[in-house]
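Before any comments, here is the structure.
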Amino acid sequence: GESVGLHLPTLSVQEGDNSIINCAYSNSASDYFIWYKQESGKGPQFIIDIRSNMDKRQGQRVTVLLNKTVKHLSLQIAATQPGDSAVYFCAEKQGAQKLVFGQGTRLTINP
Amino acid sequence: GAVVSQHPSWVICKSGTSVKIECRSLDFQATTMFWYRQFPKQSLMLMATSNEGSKATYEQGVEKDKFLINHASLTLSTLTVTSAHPEDSSFYICSAPTGISYGYTFGSGTRLTVV
């Protein structure tokens, strides 16, 4: 089945604080996951990815955690900046190539 | 890097008319193109998968006769919204696997408004 994201939840954090955005995915057979950032009126922008043989991956200011047992992904953003304000989506690769998006979260950074 | 160029970026059309959206891969060959639709404050919903030289595969609930997809070359996929109605107003985005380490590249999206 496909994950469906409706009525985006929101997360507000203070500038400089860390943010944690969560996502549940649907297909236990999915082997690759991506976090995207989307700004208003634009296409998704790649942030970080992780394969199912890993449970953690770090990038610059971002960390993705994968819990396959409960089909859960999280994105941690360290020291959030105003430019981090956007909608964040997780996506899972289902089958050979199909990329299905999960629930999004609107992140707002308060000054 | 791999780039997909999507046009137009926005379009306004009258009810009953058809609108064509193009996605071109600029520096790689896109044998597959995914088409998504995104309503305000919602996630990207996969509509269909186009494959060069073959029929597109539509997701459940998506009308193939309304959303015509053509993928006639390795660098061009098109989505035509036929007999558009106001409820078709949405943000349409294409995406292609780049063939590099599971990567995907996205078009910049098309804002369709049907009046």
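In the text below, chain A, chain B and the rest are named by the order of the sequence lines, each starting its count at 1. It should be emphasised that the depicted structure is a prediction, and the values quoted were computed from it without experimental measurement.
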Working for side chain to side chain contact (heavy atoms under 4.5 Å, CB included), residues A/R51 and A/D31: CA-CA 6 Å; A/R51 301 191 183 193; A/D31 61 357; over 6 Å; no

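- For a residue to count as touching a neighbouring chain, one of its non-hydrogen atoms must lie under 4.5 Å from one of that chain's; by this rule B/S108 touches chain A with the backbone only.
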Start with the C-alpha gap between B/E22 and B/R24, add the side-chain angles, then the distance that decides, and say whether salt bridge (charged side-chain N to carboxylate O under 4.0 Å, His left out) holds. CA-CA 7 Å; B/E22 293 188 349; B/R24 293 181 183 273; 3.6 Å; yes

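- Heavy atoms of B/Y36 lying under 4.5 Å from chain A belong exclusively to its side chain.
- Annotation: A/Y25 is in aromatic contact with A/F33 [ring centroid separation under 6.0 Å].
- One side chain, B/H7 or B/S5, offers a donor N or O that lies under 3.5 Å from an acceptor on the other.
- The contact between A/Q38 and chain B is made entirely by side chain atoms (from C-beta outward), counting heavy-atom distances below 4.5 Å.
- If you measure heavy-atom distances from A/Y36 to chain B, the contacts under 4.5 Å come from the side chain alone.
- Sorted by first then second residue, the disulfide (SG to SG under 2.5 Å) pairs that include residues 3-53 of chain B, not counting sequence neighbours, are B/C23-B/C94.
- Neither the backbone nor the side chain of B/Q6 comes within less than 4.5 Å of any heavy atom of chain A.
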